Amino acid sequence: MAIHLLHLGLPVRDQQRSMRFYATWFGFDPDGARRYPDGTVILRNPDGFDLALHPGEAPEQPAFLHFGFQMPDAGAVRELLARMEAERVPIPERWDEPGYVAFKCLDPDGWRVEVYWEPIG
């Protein structure tokens with residue numbers, strides 16, 4: 001039996017701002033957002049992954065805490081990094097090695113989001 005992680009919930013200060021961030025950079029669909037009575041908004045990306053944005057404050061986080069998006073190749077990681085840098089998205093970490101190309105950016109609430117590529121196998 002395969003089990004898949006397909007949902008992440010985050011507290012955010014400004015849902016509209018977070019929705020724009022995840023739509024712009026990671027392909028989540030704000031037009032299909034579902035709103036719930038507790039104030040949570042859930043966005044889905046083309047892979048069927050749900051991101052639940054709940055009104056609140058992000059707690060202080062250790063530097064290692066993050067979640068990530070895998071890209072199809074190293075060039076795609078570098079291209080997204082260049083676009084984010086041009087738009088002044090904070091990039092606290094980056095790697096560019098033969099077997100691993102990645103960076104971590106910060107979303108509007110300071111959540112660390114990794115974008116990476118590494119060969120499979």
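Bear in mind that the values here come from a model prediction, so they are computed numbers and not experimental data.
- Annotation: ring pair (Phe, Tyr, Trp, His ring centres under 6.0 Å) contacts of Phe67 (sequence neighbours excluded): none.
- With contacts defined as side-chain heavy-atom distances shorter than 4.5 Å, the pair Tyr22/Asn45 does not qualify.
- Contact check for Leu53 versus Leu43: side-chain heavy atoms found under the 4.5 Å cut-off.
- In terms of the side-chain hydrogen bond (donor to acceptor under 3.5 Å, both in side chains) criterion, Asp31 has no residue partners (sequence neighbours excluded).
- Checked against side-chain hydrogen bond (donor to acceptor under 3.5 Å, both in side chains), Tyr100 has the following partners two or more places apart in sequence or in another chain: Glu114.
- Residue pairs meeting the side chain to side chain donor-acceptor pair (under 3.5 Å) criterion with at least one member in residues 55-65: none, sequence neighbours excluded.
- In this view, Glu85 and Arg94 satisfy the salt bridge (charged side-chain N to carboxylate O under 4.0 Å, His left out) rule, not counting sequence neighbours.
- Under the side-chain contact (heavy atoms from CB on, under 4.5 Å) criterion, Arg35 pairs with Gln16, Met19, Val41, sequence neighbours left out.
- Remark: Pro11 engages Pro59, Trp111 in a side-chain contact (heavy atoms from CB on, under 4.5 Å) (not counting sequence neighbours).
- Arg13 meets the salt bridge (charged side-chain N to carboxylate O under 4.0 Å, His left out) test with Asp109; sequence neighbours excluded.
- Put simply, the side chain of Gln70 does not reach to within 4.5 Å of the side chain of Trp117, judged on heavy atoms.
- Inter-residue side-chain proximity for Pro55 and Gln15 is flagged as met; some heavy-atom pair is nearer than 4.5 Å.
- Applying the ring-ring contact (aromatic ring centres under 6.0 Å, His included) test to every pair with at least one member in residues 27-64, sequence neighbours left out, gives these pairs: Phe64-His66.
- Counting heavy atoms from C-beta on, the side chains of Val89 and Trp25 come closer than 4.5 Å.
- Take Arg34 and apply the salt bridge (charged side-chain N to carboxylate O under 4.0 Å, His left out) test, not counting sequence neighbours, and it matches Asp50.
- The shortest side-chain heavy-atom distance between Phe26 and Phe21 falls under the 4.5 Å cut-off.
- Between Leu51 and Leu10, the closest side-chain pair of non-hydrogen atoms falls below 4.5 Å.
- Applying the side-chain hydrogen bond (donor to acceptor under 3.5 Å, both in side chains) rule to Glu118 yields no partners; only residues at least two apart in sequence or on another chain are considered.
- Remark: side-chain polar atoms of Arg112 are not paired, donor with acceptor, to backbone N or O of Cys105 under 3.5 angstrom.
- Asp96 meets the side-chain hydrogen bond (donor to acceptor under 3.5 Å, both in side chains) test with Arg78; sequence neighbours excluded.
- Counting heavy atoms from C-beta on, the side chains of Ile3 and Met1 come closer than 4.5 Å.
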